[in-house]
Enquirer: 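Below is the structure I would like to discuss, written out as structure tokens.
Please read these numbers as outputs of a predicted model, since none were measured by experiment.
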Amino acid sequence: MHERHATYLRLFGAQLSRRIVVWVFFSVVVIETIIFFPSLKNREQELLGQLREVSSAKSGVLMHVIPTEASDEAFLLQTRKLLAHPRVVGVALYRTDGTEVGVLGERPELHFQAITADGAMTLLDRRGMRYDVASLGRWQRKDNILVVRHDTSTVKHELVAFFFRIAGLVVIISIFVTGGALMALGPIVVTPILRLRRDLIAAGEAVSRDVKAPEFHSFTHQRSDELGEVITAFREMFTQITEAISRRKEAEKKLIDTLRTVEAYSRELRRELETGREMQQNFLPSRLIQPPGWEVAAYFRPARQVAGDYYDVFALPGGRLGLVIADVCDKGVGAALFMALFRSLIRIFAGQFAPDGPAGGETANPQASAGTAATRDGIALRAVELTNRYVAGNHGDLGMFASLFFGVLDTAGGEMDYVNAGHEPPVILHSQGGMRLRLKATGAVVGIRPDVRFGCERVRLLPGETLLAFTDGVPEASGSSGEFFGHGRLTALLGRPVTSASHLIGVIAERVLAHTGEAEQFDDITLLAVRGRPGMD
């Protein structure tokens, strides 16, 4: 019993139940009301019809009972008997020509004109308390109209009682229908919906906590209606969700394993790249040679951990200085490997053709054989040709090549032989700033074909003048807007007086980095400057 009461309380507490019950209740009330008012009107007409039949019957009897030779006063006296009826309060007699014979009691509101003109034989006053009925009869061989006025207060009272009886019946029917609907809603609709709601909450908690799904109560009852379709859809949806979660867990596990593998590989790759970067740094001069009367400076900034750009400064016999700046195509590890190959080949072949034997590297005596002209032995040309022949002949299928500038500077007299193999033209700057000469290309890039021929040119650096060489990473340095640094900005910087090679290199590097800002560096940046000190013989 207690559980039943609790069930009913839950039904009344459910918002859906209240809504449905209220709508059912008012629907029944509206339907009964629609039926009730015509019934009330019919009841009124029925009661009035009873009065009309009684008065018509009495009037007809009266017409036949009164002698035809009786006077009008005698006729009225006989009609007074009608007033003895408890519901008759007035009588009026008219001739068919409109003559009023007489009135007894209350005067009826149904006049002769209304009867003859409109054909109205009855009239109910606005308050519903009086009801006039007209009857046709023949008396003294003439047609007469008798109008009887009735008191309908009892009719009204009976209608009120009828109204309350019907209204009470409507309320009782509505209550029973509503109660029946509520009792039917419980097991059919509300209880399954509440059970489904609990299951949905439990399913949500199971999914959010990633735990095993509980036993759903809504699945234990099979239904063939629309609610059963909803429960079936919920079951299928939850099954799909759990399967998707299982697949996601499996994918996440595989992804975690993959990420661990990738992280391990990345760590190893970073270690290898760091080793490669350190090795590449070792290929670059650890200390730049500074021959007497000359200043040498360089700047190098790779775009990645390893680079394809490189520069080199090394001593050659006879007081000469090898100056190299190069840019291997592409970037990364492959370019770095070819950079090391080009660097080694240039050094080997340059030392091989030195007239005084192999180059002594940085330990060579720069003052030895100072009077020997660098251009007499073609060191630069032969070194570049042999390097090109070796790379193109042995590694040409890889498509790797390099733009390269190799100059052999006689530190005693300032004369320099150079080969520009498709590289950005280095410039010679006046001591007071501004370009004096651009050292244009004397041949194609190195490593394309083994039979390429290169030219060799000679130039002399005067005291105070500066040789500046750079890779295309300088003019093509891109800012956040995509605009290049450009040759125009570089030329403007070169128009200023040069106080030292290191200062010139520092100013250019600072301006290039300020132009790129936070933008990603896409190419290596390399600068090499050689300046003859003023007053040098």
Enquirer: So, the side chain of Asn388 versus the backbone of Val384: is there a donor-acceptor pair under 3.5 Å, distance only?
Expert: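 Looks like no, no N/O pair under 3.5 Å.
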Enquirer: With salt bridge (Lys or Arg N to Asp or Glu O under 4.0 Å) as the test, would you mind laying out the steps for Asp312 and Arg347 before giving the verdict?
Expert: CA-CA 9 Å; Asp312 198 6; Arg347 280 205 173 207; 2.7 Å; yes
Enquirer: Calculate, to the nearest 0.5 Å, the distance between atoms CG and OG1 belonging to Leu316 and Thr411 respectively.
Expert: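 Taking CG in Leu316 and OG1 in Thr411, the distance rounds to 10.5 Å.
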Enquirer: Should Arg389 and Glu385 be marked as a salt bridge (Lys or Arg N to Asp or Glu O under 4.0 Å) after you check the CA-CA gap, both sets of side-chain angles, and the distance that decides it?
Expert: CA-CA 6 Å; Arg389 190 176 304 169; Glu385 286 179 342; 5.0 Å; no
Enquirer: Does Phe470 reach the side chain of Thr526, with side-chain heavy atoms less than 4.5 Å apart?
Expert: no
Enquirer: Is any side-chain heavy atom of Leu439 closer than 4.5 Å to one of Met416?
Expert: yes
Enquirer: Using every non-hydrogen atom in the two residues, find where Ala383 and Ala350 come nearest and quote the distance to one decimal.
Expert: CB-N, 3.8 Å
Enquirer: Rounded to the nearest 0.5 Å, how far does CG of Leu528 lie from CZ of Phe405?
Expert: 9.0 Å
Enquirer: Under the criterion side chain to side chain contact (heavy atoms under 4.5 Å, CB included), I'd like the reasoning laid out for Thr387 against Phe349: C-alpha separation, chi angles, the key distance, then a yes or no.
Expert: CA-CA 8 Å; Thr387 299; Phe349 291 137; 3.5 Å; yes
Enquirer: Whether the side chain of Arg460 engages the backbone of Gly413 through a donor-acceptor N/O pair (distance < 3.5 Å, no angle test) should be reported.
Expert: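 Indeed, once roles are kept as given, a pair shorter than 3.5 Å links the two residues.
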Enquirer: Can you name the closest pair of heavy atoms from Val474 and Leu527 and give their distance?
Expert: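 Of all heavy-atom pairs spanning Val474 and Leu527, the closest is CG2-CD2, 3.8 Å.
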Enquirer: Which value, rounded to the nearest 0.5 Å, describes the distance between Asp309 atom CG and Ile325 atom CD1?
Expert: 7.0 Å
Enquirer: For residues Leu461 and Ile428, determine if any side-chain heavy atom of one lies less than 4.5 Å from a side-chain heavy atom of the other.
Expert: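 Yes, side chains in contact.
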Enquirer: Could you report the tightest heavy-atom contact between Phe484 and Arg489, atom names first, then the distance?
Expert: O-NH1, 3.0 Å
Enquirer: State, yes or no, whether a side-chain contact exists between Arg301 and Asp524 at a heavy-atom distance under 4.5 Å.
Expert: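 Heavy-atom side-chain distance check fails, nothing below 4.5 Å.
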Enquirer: Dump the intermediate steps for side chain to side chain contact (heavy atoms under 4.5 Å, CB included) on Leu504 and Leu494, then the final yes or no.
Expert: CA-CA 8 Å; Leu504 175 64; Leu494 300 180; 4.1 Å; yes
Enquirer: Under 4.5 Å between any side-chain heavy atoms of Val328 and Leu341, yes or no?
Expert: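 No, their side chains stay 4.5 Å or more apart.
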Enquirer: To the nearest 0.5 Å, how far apart are CD1 in Ile508 and CD1 in Ile525?
Expert: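 Reported to 0.5 Å precision, the distance equals 11.5 Å.
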Enquirer: How many angstroms lie between OG in Ser431 and CZ in Arg533, if you round to the nearest 0.5 Å?
Expert: 15.0 Å
Enquirer: Compare all side-chain heavy atoms of Met435 with those of Thr491 and state whether any distance is below 4.5 angstrom.
Expert: yes
Enquirer: Checking the side chain of Glu295 only, and the main-chain atoms of Ala501 only, is there a donor and an acceptor separated by less than 3.5 Å?
Expert: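 It does hold such a pair.
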Enquirer: Quick check: are there more than 12 heavy atoms from other residues, nucleotides or ligands sitting under 6.0 Å from NE2 of His503?
Expert: no
Enquirer: For residues Arg449 and Ala392, report the shortest heavy-atom separation together with the two atoms involved.
Expert: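 Closest heavy-atom pair between Arg449 and Ala392: C-CB, 3.5 Å.
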Enquirer: Would you tell me whether Glu424 and His487 have side-chain atoms, one donor and one acceptor, within less than 3.5 Å of each other?
Expert: yes
Enquirer: Taking C-beta and beyond as the side chain, do Asp523 and Asp472 meet within less than 4.5 Å on heavy atoms?
Expert: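 They are in side-chain contact.
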Enquirer: State whether the side chain of Thr516 and the backbone N or O of Leu513 hold a donor-acceptor pair below 3.5 Å, judged by distance alone.
Expert: yes
Enquirer: Step by step, would you call Glu465 with Arg436 a salt bridge (Lys or Arg N to Asp or Glu O under 4.0 Å)?
Expert: CA-CA 9 Å; Glu465 290 187 334; Arg436 177 173 72 84; 2.7 Å; yes
Enquirer: May I have the step-by-step check of side chain to side chain contact (heavy atoms under 4.5 Å, CB included) for Val296 and Ile289, ending in yes or no?
Expert: CA-CA 7 Å; Val296 182; Ile289 301 174; 5.9 Å; no
Enquirer: Does Tyr418 reach the side chain of Pro426, with side-chain heavy atoms less than 4.5 Å apart?
Expert: no
Enquirer: Could you report the tightest heavy-atom contact between Val530 and Trp294, atom names first, then the distance?
Expert: CG1-CE3, 3.8 Å
Enquirer: Using every non-hydrogen atom in the two residues, find where Ser480 and Ala519 come nearest and quote the distance to one decimal.
Expert: N-CB, 3.7 Å
Enquirer: Are the aromatic rings of Tyr310 and Phe342 close, with centres under 6.0 Å apart?
Expert: no
Enquirer: Report yes or no: does His395 contribute a side-chain atom to a donor-acceptor pair with the main-chain N or O of Tyr390 at less than 3.5 Å?
Expert: no
Enquirer: Between atom CE of Met339 and atom CG of Leu284, what is the distance when rounded to the nearest 0.5 Å?
Expert: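 Atom-to-atom, Met339:CE and Leu284:CG are 5.5 Å apart.
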Enquirer: Hey, mind stepping through Thr471 and His423 against side chain to side chain contact (heavy atoms under 4.5 Å, CB included) and telling me if it holds?
Expert: CA-CA 7 Å; Thr471 60; His423 195 75; 3.9 Å; yes
Enquirer: Indicate yes or no for a side-chain donor-acceptor contact from Thr442 to the backbone of Gly455 under 3.5 Å, with no hydrogens or angles considered.
Expert: yes
